[in-house]
Participant: 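The following block contains the structure, expressed as structure tokens.
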Amino acid sequence: MTMTRNQVHSIFLSAFVLVSALITATALPTAAQDATQQDPPSYSKMAPIEQYLMDRDAEIALARSAAPDAISRDASVVVLTPHGYETAVEGKNGWVCWVGRSWLGMFDHPEFWNPKIRAADCSSPAAARSVLPYAYKRTELLLAGHSKQEVIAAMKAAIDKKELPPLEPGSISYMMSKSSYLTDSGGHNMPHVMFYESVSGEAASSVDVPNSPMMGVNYWYLSADAYPQLKSFPPLSVFLIGADKWSDGTPAPSM
Amino acid sequence: MPKTMSKTKTIQYIFLFAFMLGIALCAPQSGSAQDTKTKYPTMAPIGQYLMADKDAEIALARSAAPDAISRDADVMVLGRHGYETAVKGKNGFVCIVGRGWSAAADPDYWNPKVRVPMCVNAPAAHSYLLGIIKITELALAGQTLDQVNHAIGAAVASKELPPMAPGAMCYMMGNQGYGGDVAPHWPAHLMFFFSDTDSAIWGANLPGSPVVAVTDPLYHLTQFVIPTQKWADGTEVQATEAHNMKSH
């Protein structure tokens, strides 16, 4: 099975719970428009919390499936509770595996409240220290009932007070689970590796050209105009490279 | 893959990479290093390393990256004393065709047939590529692998060669060229360059990981390699690999 580039875009656009989407400035309107057309309006607000939760053991297993066993078996695992993420398994290699939910995508992503999203991720030690705190903070605030604007303001204040750390070199995530659900679009899933850089979204999207195996996207938003305060956040982009295998070693569909 | 890697590291890199990708190298693996070393013990006449057709070298260099990147890149071609800018680009990328001393396994150091296209991004052009250019100048001056390793080590230590710039990477997605007798056809891949970085931070070289890494103490360089599913022209890698293996 070969995915079209639009399907891949949609997956990473939506998916991203950790940020996966990629598109160039010119491709962005098309991809965003596609996603908007495909997404039901119900994603405009939060669903009942139960719809985002999972059986704890199943969530641990799904989280670990994000990376090859050689990485995930010794990783810490965090799971979602009604109030935020909490550590379920203490690991010993510094990696942290978890299952991202829809609200960890861009703030203006059309699937922001899609309760079906389950994005398994294993984050490197550097990413666990410098990227996951942002995800945890966002999750706690949203689950506490704060609006997106309030969450953005609180995170900005935390950044300014250095309560949230700067990005560390070596921040990378494996998202190679066969069982993730990244988006309503396309095949819903795609194995990939992501790494984080402190560069602007514009610089990131410059790698998203025809036949490029790498895509880049702004971590915070699809459109800088959606939530203007996000423009004052530290530049953070995600680069994604598709993998040819799932974490269990079986072949993946071609990008 | 800079020649500053030790011989052992270079061979490990090639076979580790091939192993992880499930690719059968075309050259006999057992003893191939020694065989090829004896095959190219000294520098060939310099003309054998040059490409007579400048346009062909430019096209080969550009084949390393998708057209949308390489068409606006600088292109450097090999002259008798080193790389020279043949095309001035506008996007910060630089495409070159590597030769044996900078882009092949050590036994192919003097192999005049090696032609490995690569396109480096702007951060790599200001860091990684400087090492390649220096290696090339030294090799063209007749310096041996050991001499080059010594010189590069000194240049890194003195900071004549800078550390890898943040974001430094390159595309090696060309399906043409020749990687040398040890590894004739490199799979399509991306490379990311870091100085003084532990390869473990990316989870590289572990079973099932799509990331290959080699740390080179001499150059204080860690290279992360991620294979791609397609060549720069958009064709599937697997089909081409199968074709390449059949043809050998």
Side-chain angles (χ1 to χ4, degrees), chain A residues 2-3 5 8 24 66-75 93-95 122-127 167-174 176 191-193 195 197-199 203-204 206-214 216 237 239-255, chain B residues 20-22 63 65-72 91-93 119 121-123 164 166-173 187-190 192 194-211 213 222 224-239 241:
Chain A
T2 299
M3 285 187 172
R5 191 157 182 85
V8 172
T24 59
D69 182 64
I71 292 173
S72 62
R73 68 171 172 243
D74 291 331
N93 64 1
W95 289 70
C122 286
S123 298
S124 69
L167 182 69
E168 287 188 31
S171 292
I172 181 173
S173 287
Y174 284 67
M176 298 170 62
H192 59 282
V193 174
F195 54 96
E197 294 285 349
S198 298
V199 299
S206 67
V207 304
D208 187 33
V209 298
N211 292 328
S212 172
M214 185 163 60
S237 293
F239 293 87
L240 174 158
I241 303 172
D244 62 352
K245 292 186 175 68
W246 302 103
S247 61
D248 62 6
T250 56
S254 171
M255 287 177 71
Chain B
M20 294 183 76
L21 295 176
S63 73
D67 179 66
I69 291 171
S70 62
R71 67 174 174 233
D72 290 330
N91 65 1
F93 279 81
C119 291
N121 69 357
M164 297 301 110
M169 57 84 63
C170 80
Y171 289 78
M172 295 184 73
M173 297 172 59
H189 60 281
L190 305 178
F192 299 84
F194 293 83
S195 292
D196 294 315
T197 296
D198 181 357
S199 62
I201 67 169
W202 277 33
N205 302 347
L206 294 172
S209 172
V211 184
T222 299
F224 293 104
V225 183
I226 301 181
T228 64
Q229 294 174 297
K230 292 182 179 176
W231 300 105
D233 63 5
T235 56
E236 296 283 341
V237 167
Q238 284 186 328
E241 284 300 333

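Chain letters run A, B, ... following the sequence lines, proteins first and then strands; every chain starts at 1.
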Participant: Does any donor atom in the side chain of A/Tyr174 or A/Ser72 lie under 3.5 Å from an acceptor atom in the other side chain?
Facilitator: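 Looking only at side-chain atoms, A/Ser72 and A/Tyr174 do not form any donor-acceptor pair under 3.5 Å.
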
Participant: Which bit of B/Asn91 is near chain A, if near means a heavy-atom gap under 4.5 Å: side chain, backbone, both or neither?
Facilitator: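 For B/Asn91, neither part sits under 4.5 Å from chain A.
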
Participant: Is there a donor-acceptor pair under 3.5 Å between the side chain of B/Ser199 and the backbone N or O of B/Ala204?
Facilitator: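 No.
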
Participant: Aromatic ring centroids of B/Trp202 and B/Phe194 under 6.0 Å?
Facilitator: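 Yes.
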
Participant: Looking at B/Ile201 and A/Gly170, what are the two nearest heavy atoms and their distance?
Facilitator: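 Between these two residues, the closest heavy atoms are CD1-CA, 3.5 Å.
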
Participant: What part of B/Phe224 lies closer than 4.5 angstrom to a heavy atom of chain A: side chain, backbone, both or neither?
Facilitator: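 Looking at B/Phe224, nothing touches chain A.
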
Participant: At a heavy-atom separation under 4.5 Å, does B/Ala200 approach chain A through its side chain, its backbone, both, or neither?
Facilitator: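 For B/Ala200, the backbone is the part near chain A, not the side chain.
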
Participant: Quick check on A/Trp95 against chain B: is it the side chain, the backbone, both or neither that has a heavy atom closer than 4.5 Å?
Facilitator: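 It is the side chain, since no backbone atom gets that close.
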
Participant: Over all heavy atoms of both residues, which pair between A/Pro68 and A/Met176 is shortest? Give the atoms and the distance, please.
Facilitator: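 Shortest heavy-atom contact: CD-SD, 4.2 Å.
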
Participant: If we define contacts as heavy-atom pairs under 4.5 Å, which of B/Gly167, B/Gly203, B/Ala68 has the most with chain A?
Facilitator: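 Ranked by heavy-atom pairs under 4.5 Å with chain A, first place is B/Gly203.
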
